[in-house]
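Every chain is numbered from 1 and lettered A, B, ... according to where its sequence line falls, protein lines coming before strand lines.
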There are 2 protein chains.
Amino acid sequence: VLFQLLKKAQLLPTIEMNILQYINHLLDIGLKSNDEIPFKITKKEIEAGQIITNYDAIETKVYFLKSGIVQVSLLYNDDERILDFFFENCFLNSYTSFLTKQPSDVQLIALTKVELDVIDDADIQNAYKTSLLANQLGRLVTERLFINNTKREKDLLTKTAEQRYKELLQNRPDIVSLISINKIAKYLGIHPESLSRIRKSIGA
Amino acid sequence: VLFQLLKKAQLLPTIEMNILQYINHLLDIGLKSNDEIPFKITKKEIEAGQIITNYDAIETKVYFLKSGIVQVSLLYNDDERILDFFFENCFLNSYTSFLTKQPSDVQLIALTKVELDVIDDADIQNAYKTSLLANQLGRLVTERLFINNTKREKDLLTKTAEQRYKELLQNRPDIVSLISINKIAKYLGIHPESLSRIRKSIGA
């Protein structure tokens with residue numbers, strides 16, 4: 001409901017793209033139907049709280065997130081750190097596991113009801129052998145993931161939790177308004193009480 | 001000289017690949033000459049201590065590192081953090097700057113004399129429009145960079161400096177033997193004195 005309200009208030013982009021529109025946008029081309037996409041796409045709906053890819057699973061799918069929110073987390077020393085939140089209109093999976101065929105050290109979980117387009121690894125690998133379009137798409141999506149990860153790493157190295165929270169407020173109001181304080185603290189790598197103090201000190 | 005000695009002692013891979021051999025290896029193909037590579041390649045030699053890409057420059061090249069060592073560093077609050085060291089047989093540049101056309105927040109500097117193959121952005125972008133091979137190569141190189149960056153980020157989040165140093169000793173003896181203690185401390189994000197203590201405590 002909050003999601004719908006925010007959308008009506010134009011705090012979130014109102015366009016939910018499908019995978020065809022997203023590929024046309026990213027590659028600046030004009031495919032007319034999913035039949036022109038060089039791999040098979042199946043649809044999947046996931047309920048809130050359900051795991052998409054679990055720790056130690058080997059990732060064999062690529063997902064396009066049509067609607068909803070997905071959390072990516074990392075487990076270590078019995079502690080969980082949230083690495084990122086993904087919103088509609090992006091590709092996601094446990095990408096390192098997908099690429100290396102090693103057990104995933106991250107977990108993908110649906111925070112809301114989630115609509116996904118699903119592509120099989122085997123189909124993608126086949127398309128990569130001969131399809132210019134598949135390789136352009138794979139390259140562009142990986143470039144975006146690289147930029148995203150590199151920014152995250154640099155922020156970790158150079159910014160305090162307070163600075164990172166302020167930037168989150170500014171750049172990703174979607175996260176701050178839709179995700180619980182506990183989860184934001186896990187994302188910032190601090191205790192919820194520390195986040196409360198930061199929020200008070202900056203009047204948020 | 002140390003470099004040559006280590007090579008003779010087989011502590012380092014003895015094969016220096018050129019870009020053609022590297023592409024053939026990565027894509028599992030059999031190109032016979034550089035003329036079959038879908039972009040123009042020029043050679044460049046850089047002396048030790050020379051900057052390849054500086055802070056705030058906009059990256060317009062891709063480099064293949066044929067021999068030598070390149071350091072990638074990040075500047076913040078008048079402090080410098082070393083992000084990575086690159087050794088022979090890999091592609092490198094300030095990739096986020098190259099992809100986004102924004103000023104680079106990293107610096108690439110030659111720690112030794114360095115031999116590079118150089119490719120121009122314009123040539124790559126042209127090849128990306130029509131060449132299956134160029135897109136396969138771009139995708140595979142970006143996938144490797146992604147895996148590398150993601151591992152680095154997870155190590156930062158989950159491991160102490162001592163753990164990271166031990167793993168460096170085990171997995172990257174090339175770094176530990178060829179790079180100064182001061183630089184390794186900057187890479188681990190600790191003071192050189194702390195690194196000395198760690199080294200003593202583990203008998204290194």
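Side-chain polar atoms of Tyr55(A) and Glu80(A) form a donor-acceptor pair below 3.5 angstrom. A donor and an acceptor atom, one from each side chain of Thr160(A) and Tyr165(A), are nowhere located under 3.5 Å apart. A donor-acceptor contact closer than 3.5 angstrom links the side chains of Ser67(B) and Glu115(B).
With a 4.5 angstrom heavy-atom cutoff, Leu156(B) touches chain A only via side-chain atoms. When heavy atoms are compared at a cutoff of 4.5 Å, Leu133(B) does not approach chain A at all. Using a 4.5 Å cut-off between heavy atoms, Leu74(B) contacts chain A through its side chain alone, with no backbone atom that close. Only the backbone of Lys129(A) has a heavy atom closer than 4.5 Å to any heavy atom of chain B. For a residue to count as touching a neighbouring chain, one of its non-hydrogen atoms must lie under 4.5 Å from one of that chain's; by this rule Leu83(A) touches chain B with the side chain only.
Chain B forms the most heavy-atom pairs under 4.5 Å with one residue out of Val106(A), Thr96(A), Asp79(A), Leu27(A), and that residue is Thr96(A). Of the listed residues (Leu99(A), Leu145(A), Ile147(A)), the one with the most heavy-atom contacts under 4.5 Å to chain B is Leu99(A). Taking chain A as the reference chain and counting heavy-atom pairs below 4.5 Å, the highest number among Leu140(B), Asp105(B), Val141(B), Asn77(B) is found for Asp105(B). Interface check for chain B: of the options Arg152(A), Arg81(A), Arg144(A), the most heavy-atom pairs under 4.5 Å are formed by Arg152(A).
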Practice problem: Could you please spell out the steps behind the salt bridge (Lys or Arg N to Asp or Glu O under 4.0 Å) verdict for Glu36(A) and Lys32(A)? | Solution: CA-CA 7 Å; Glu36(A) 297 181 66; Lys32(A) 285 182 186 62; 5.6 Å; no
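By the 4.0 Å N-to-carboxylate-O rule, Lys61(B) lies too far from Asp117(B) to be salt-bridged with it.
Between Phe91(A) and Tyr63(A), the ring centre distance reaches or exceeds 6.0 Å.
Stacking of Lys101(B) on the aromatic ring of Phe98(B) is recorded, both the 6.0 Å distance cut-off and the 45° axial limit being met.
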